[in-house]
Amino acid sequence: MLDMKYIRANPELVKAGAAKKRIALDLDAILALDERVRAGITETDRLRAEQKNASKSIGAAAPADRPRLAEEQKAQKAQLKEKEEELAKLQAELHQLLLRVPNVPAAEVPEGRDDSENIEVKKWGTPRQFDFEPRDHIALGEAQDWIDVERGARIAGSRNYFLKGDLCLLEGAMMRYALELMVSRGFTPLSVPTLVRKDIMVGTGYFPGGEEQAYRCDERDDLCLVGTAEVPVTALHQDEILDLKDLPKRYVALSSCYRREAGTYGKDTRGLYRVHQFQKVEQVIVDVADAQRSIEHHHVIVSNAEDVLQALGLPYRIVNVCGGDLGAPQIQKFDIETWMPSRKGYGETHSASRFHEYQARRLNMRYRDADGVVRVCHTLNNTVAASVRMLIALLENHQNADGTVTLPACLRPYMGGRERIGKPL
RNA sequence: GGAGAGAUGGCGGAGUGGCCGAUCGCGCCGCCUUGCUAAGGCGGUGUACCCGCAAGGGUACCGAGGGUUCGAAUCCCUCUCUCGCCGCCA
């Protein structure tokens with residue numbers, strides 16, 4: 001959420017930002033409503049002050065006079081109540097509108113309508129030239145009895161799966177490697193709730209707007225399944241005023257992630273590219289409101305992810321996500337796409353976002369700066385390693401002609417020291 | 001799931017209808033006293049919003065939301081959370 005004061009001071013910037021993101025926004029309606037709200041506040045404050053003074057003088061008056069004076073206050077009270085109700089309604093309306101005002105994208109975000117216009121900013125590694133006919137991860141996984149999508153679907157519907165045997169272990173190995181790498185870099189590991197209250201979904205910017213993508217248990221329990229550990233981790237310090245000396249906060253969390261994938265029928269139906277549930281290690285940074293420091297953190301969290309991919313020996317590219325493909329909350333986003341032979345292309349495995357105070361303001365997460373002034377934090381996050389999508393890349397890129405898969409050195413300690421998995425087919 | 005106790009400022013802890021945005025203590029900040037240290041004295045010390053060029057003024061907030069009242073931290077209702085007890089489950 002943007003600060004109303006900022007919007008008032010920079011309406012053209014906000015409008016241009018929404019336009020760059022291709023998000024419809026009637027800012028003038030918001031500005032007009034804001035005027036009415038402020039006038040309402042001034043008015044109710046004045047009436048309340050009168051009311052308070054009158055009450056005080058009743059308390060000070062002779063007891064005999066009090067009933068008469070109290071009687072006279074009743075009309076005032078009714079008027080105040082009416083104004084208050086009117087104001088509360090306007091404020092609620094304004095708040096709802098503000099929740100939908102998109103964050104202003106950075107100047108370095110490219111113009112563009114959709115992901116086809118994202119700009120590649122880096123490429124690492126060379127897609128492997130196979131001297132045999134490579135299998136895709138499903139063919140390989142089923143032949144090795146590593147993947148069972150049929151029973152997954154029977155038990156939980158389409159886009160659900162079982163991982164078995166060494167692939168199950170490999171998933172754990174990759175998660176553990178990613179987690180430990182981040183811990184070695186000073187990130188605090190967290191085990192987090194994956195069911196969160198609806199206001200946390202609002203606080204992190206997923207609601208309103210993303211309701212269709214979330215599994216919801218809120219009818220009975222007001223809880224939603226998170227699509228990423230970003231949600232509980234970013235919200236960890238909700239409603240807190242943090243000490244400057246404790247910033248930045250660096251967290252890493254492994255969690256299950258749940259996505260409804262509404263509106264993707266017929267898209268990526270083969271294999272495990274698009275699934276309803278997966279494991280992910282996520283990194284989150286909370287720091288002071290300093291644009292330059294946010295940019296530095298952004299680079300760091302991207303390079304953390306790059307280090308994982310490089311250690312895994314997976315070719316990837318980084319794209320600077322264009323305005324039209326950017327979500328409402330982000331200032332800027334870099335997606336990392338990993339080479340997947342079966343797609344004959346790069347598939348998104350990481351998403352590094354910079355928010356400035358958009359999330360922190362909604363979460364009411366602040367800190368006291370060196371001058372003692374309370375300010376709203378900045379937040380960022382990025383994937384470290386995402387299961388299934390990166391398992392696809394691992395299996396497909398590192399497969400051998402005989403159907404075995406060579407393990408990257410960094411994962412071997414987590415796989416009993418083995419160099420490869422799978423039986424010759 | 002059942003019966004109970006509690007929730008006040010950074011912390012501790014008063015406060016049972018008007019003099020309470022809240023005594024006091026600790027902590028913290030500033031100044032002062034005192035060779036140093038220890039100790040002491042004085043003053044200050046929440047968040048948000050509105051009006052104002054500013055100085056300043058105003059409003060709200062005592063877990064959350066409603067209610068009673070001219071007036072609520074204080075009375076009533078609902079909810080949440082915390083703590084310990086019983087039951088159930090792991």
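All chains are named by letter (A, B, ...) in the order of the sequence lines, taking the proteins before the strands, and each is independently numbered beginning at 1. Since the model is a prediction, treat every value here as computed from it, not as a measurement.
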Does [N] have OP1 or OP2 sitting under 4.0 Å from an N or O in the side chain of [X]?
X: A/Q51; N: B/rG71; answer: yes
X: A/K56; N: B/rG18; answer: no
X: A/R197; N: B/rC81; answer: yes

Write down the distance between [atom1] ([X]) and [atom2] ([N]), rounded to a whole number of angstrom.
X: A/Q238; N: B/rC81; atom1: CD; atom2: P; value: 14 Å
X: A/L80; N: B/rU59; atom1: CG; atom2: P; value: 12 Å
X: A/E85; N: B/rG67; atom1: CD; atom2: C1'; value: 13 Å
X: A/E43; N: B/rG58; atom1: CD; atom2: P; value: 17 Å
X: A/E84; N: B/rG67; atom1: CD; atom2: P; value: 10 Å
X: A/E240; N: B/rC11; atom1: CD; atom2: P; value: 11 Å
X: A/D65; N: B/rC70; atom1: CG; atom2: P; value: 16 Å
X: A/D243; N: B/rG27; atom1: CG; atom2: C1'; value: 13 Å

B/rG18, B/rA60, B/rG58: which one has an atom nearest the side-chain heavy atoms of A/A49?
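Among B/rG18, B/rA60, B/rG58, the one nearest the side chain of A/A49 is B/rG58.
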
Quantified in whole Å, what is the [atom1] atom distance between nucleotide [N] and nucleotide [M]?
N: B/rC79; M: B/rG1; atom1: P; answer: 12 Å
N: B/rA72; M: B/rA22; atom1: P; answer: 16 Å
N: B/rG17; M: B/rG13; atom1: P; answer: 23 Å
N: B/rG52; M: B/rU59; atom1: C1'; answer: 15 Å
N: B/rC24; M: B/rC89; atom1: C1'; answer: 48 Å
N: B/rC20; M: B/rU8; atom1: C1'; answer: 12 Å
N: B/rC11; M: B/rC77; atom1: C1'; answer: 32 Å
N: B/rG44; M: B/rU37; atom1: C1'; answer: 26 Å

With nearest nucleotide decided by heavy atoms, which residue, A/K52 or A/R66, maps closer to the 5′ end of RNA chain B?
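Final value for this comparison: A/R66.
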
Given that A/T44 and A/L69 both sit by RNA chain B, which one's nearest nucleotide is further toward the 5' end?
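Closest to the 5' end, via its nearest nucleotide, is A/T44.
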
Which nucleotide, if any, forms a Watson-Crick or G-U wobble pair with [N], using both distances under 3.5 Å?
N: B/rC36; answer: none
N: B/rG21; answer: none
N: B/rU45; answer: B/rG27
N: B/rA7; answer: B/rU80

Once base and sugar-phosphate atoms are separated, protein heavy atoms under 4.0 Å mark nucleotides 44-49 of chain B, 5' to 3', with B, S and - as --SSSS

Salt-bridge contact [X]-[Y] (side-chain N to carboxylate O under 4.0 Å):
X: A/K164; Y: A/E142; answer: no
X: A/E85; Y: A/K89; answer: no
X: A/R343; Y: A/E396; answer: no
X: A/E43; Y: A/R46; answer: yes
X: A/R361; Y: A/E357; answer: yes
X: A/E108; Y: A/R354; answer: yes

Should A/L395 and A/L167 count as side-chain neighbours, where that means a heavy-atom distance under 4.5 Å?
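Of all side-chain heavy-atom pairs linking A/L167 with A/L395, at least one is under 4.5 Å.
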
So, does A/Q330 use its side chain to make a donor-acceptor pair with the main chain of A/G327 at under 3.5 Å?
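Side chain of A/Q330 to backbone of A/G327, a donor-acceptor pair under 3.5 Å: yes, one is there.
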
Would you say the ring centroid of A/H237 lies under 6.0 angstrom from that of A/Y251?
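Aromatic pair counts; centres sit under 6.0 Å.
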
